[in-house]
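Okay, so here's the structure we're looking at.
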Amino acid sequence: MLVPVILLGIPYALWRGFTIYEFIINPTKYGYWYLITLFELYVVYYVVFSYNFLHDTKYEDFMKGCIIWILLKGFAHININNEDILNAFQFTQLVVYWPFFFVAAFINRYKLQDQLFLNNNIFTISLLIFGGLFIYKEYSSIDNLVMYLLQFAGIFCIIYLIYKIKDKNNVILNKLCHIGRSSLDIYILHYFFIHVAYMKIIGNYFLKYPNFIIETIVTLAYSIVIVYCSLYTGKLLRESKLISKILFNK
């Protein structure tokens, strides 16, 4: 996951006229922040959960995941005051996305997918929580913990609906699955196409004449074009055994 950051992310930054240092301290790193954060999430997870004595039951495992999150948050807020250091190591994103990563890994470890995502009662509760909190946040601010509850409820609703139609020959779902399985290509290549297809004129138009429906349609179409350009470019690069081995380790 770090190889594409070095071989594509840094050259992209240099191409755009930025220095390597500016790339490192940039919080988003032109989209490559995700690969760095995902690498760190895997490292933390395997360090904590790779030994047998560290996981006895799923309840203890779940508590350990919560404790790790608390420790990460505490370390970020107490011991690190330099924003450049936080950005360089993507520590803020590591703290923010640990709960999502851990819950997904936890569900996968204990094979809880069918138990959770085919349960209509859980879906109903998630839908009520999501709808209630979504309306509530429009009129009042909510703290981070409640926002996590809102996000998890929304995710559970979406996954439940996907599970309901996954066994059917659904063209859209098949396309989404294909995109999901090829997401690495999108992460490492999409910013090149975003830069080439810079839509400043359209952006300025919508700033002056906002229209939610038209903006959504244009954004969706724009995203689909970028995604498929990235996918087919990735497919082309994989035709070279050397490039495929270096960039994708395949």
Side-chain angles (χ1 to χ4, degrees), residues 1-2 4-6 9-10 12-13 21-50 54 58 61-110 112-113 116-117 126 129-138 140-159 162 179-180 183-184 186-188 190-191 194 219 223 227:
M1 285 180 282
L2 295 183
V5 177
I6 297 171
I10 292 178
Y12 176 83
Y21 176 76
E22 289 172 326
F23 174 82
I24 291 174
I25 65 172
N26 188 304
T28 63
K29 295 178 176 59
Y30 312 108
Y32 291 93
W33 69 269
Y34 182 82
L35 294 178
I36 300 173
T37 304
L38 191 57
F39 169 79
E40 294 173 348
L41 289 167
Y42 272 113
V43 169
V44 173
Y45 180 80
Y46 281 117
V47 166
V48 176
F49 294 93
S50 60
L54 287 176
K58 58 176 174 286
D61 262 2
F62 189 81
M63 291 305 300
K64 288 166 189 168
C66 295
I67 292 171
I68 292 300
W69 186 46
I70 293 171
L71 293 176
L72 289 173
K73 287 177 69 70
F75 184 78
H77 290 291
I78 296 175
N79 294 325
I80 299 180
N81 297 317
N82 190 313
E83 188 173 348
D84 287 348
I85 294 178
L86 287 172
N87 292 338
F89 291 96
Q90 302 302 137
F91 210 88
T92 301
Q93 287 88 342
L94 176 63
V95 173
V96 169
Y97 290 101
W98 169 257
F100 299 103
F101 179 89
F102 170 72
V103 169
F106 178 84
I107 291 172
N108 186 63
R109 174 190 285 274
Y110 290 102
L112 301 175
Q113 292 91 333
L116 293 175
F117 302 133
S126 298
I129 291 174
F130 178 81
L133 291 179
F134 186 84
I135 295 172
Y136 178 78
K137 80 178 184 65
E138 294 298 315
S140 180
S141 60
I142 57 178
D143 60 31
N144 290 334
L145 288 177
V146 178
M147 181 60 74
Y148 273 112
L149 183 60
L150 170 66
Q151 292 167 332
F152 272 114
I155 291 171
F156 268 69
C157 289
I158 292 172
I159 297 178
I162 290 175
I179 291 172
S183 57
L184 178 62
I186 301 170
Y187 292 133
I188 68 176
H190 73 286
Y191 250 89
I194 289 176
T219 302
S223 300
V227 163

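We count residues from 1, following the sequence as given.
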Interatomic spacing from [atom1] in [X] to [atom2] in [Y] - rounded to 0.5 Å:
{"X": "Y32", "Y": "F23", "atom1": "OH", "atom2": "CZ", "answer": "7.5 Å"}
{"X": "K58", "Y": "R109", "atom1": "NZ", "atom2": "CZ", "answer": "12.5 Å"}
{"X": "Y12", "Y": "Y30", "atom1": "OH", "atom2": "OH", "answer": "7.5 Å"}
{"X": "E22", "Y": "D84", "atom1": "CD", "atom2": "CG", "answer": "11.0 Å"}
{"X": "K73", "Y": "T92", "atom1": "NZ", "atom2": "OG1", "answer": "10.0 Å"}
{"X": "I135", "Y": "S140", "atom1": "CD1", "atom2": "OG", "answer": "13.5 Å"}

Are any of the side-chain heavy atoms of [X] and [Y] separated by less than 4.5 Å?
{"X": "W33", "Y": "N87", "result": "no"}
{"X": "P4", "Y": "L35", "result": "yes"}
{"X": "F101", "Y": "W98", "result": "yes"}
{"X": "I129", "Y": "F156", "result": "no"}
{"X": "L145", "Y": "L149", "result": "no"}
{"X": "I107", "Y": "F117", "result": "yes"}
{"X": "V96", "Y": "Y148", "result": "yes"}

Grab the two heavy atoms, one from [X] and one from [Y], that are nearest each other, plus how far apart they are.
{"X": "M1", "Y": "F39", "answer": "CE-CA, 3.7 Å"}
{"X": "K29", "Y": "I24", "answer": "NZ-O, 2.7 Å"}
{"X": "A153", "Y": "S126", "answer": "CB-O, 3.4 Å"}
{"X": "E40", "Y": "Q90", "answer": "OE1-O, 3.8 Å"}

Determine, stepwise, if the pair Q113 / N108 fulfils side chain to side chain contact (heavy atoms under 4.5 Å, CB included).
CA-CA 7 Å; Q113 292 91 333; N108 186 63; 3.4 Å; yes
Tell me if the OH atom of Y97 is crowded by more than 12 foreign heavy atoms within 6.0 Å.
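Check fails, neighbour count at 12 or below.
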Is F134 atom CZ crowded by more than 12 heavy atoms from other residues, nucleotides or ligands, each under 6.0 Å away?
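For F134, atom CZ is not crowded (no more than 12 foreign heavy atoms under 6.0 Å).
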Ring centroid separation F100 to F152 under 6.0 Å
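Yes - the distance between ring centres of F100 and F152 falls below the 6.0 Å cut-off.
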Option from V43, I36, L41 for which side chain to side chain contact (heavy atoms under 4.5 Å, CB included) with L94 holds:
L41
Do the ring planes of F106 and Y110 sit parallel (below 30°), tilted (30 to 60°) or perpendicular (above 60°)?
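F106 vs Y110 ring planes: tilted.
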Between Y45 and F102, what is the ring plane arrangement, given parallel below 30°, perpendicular above 60°, and tilted in between?
tilted
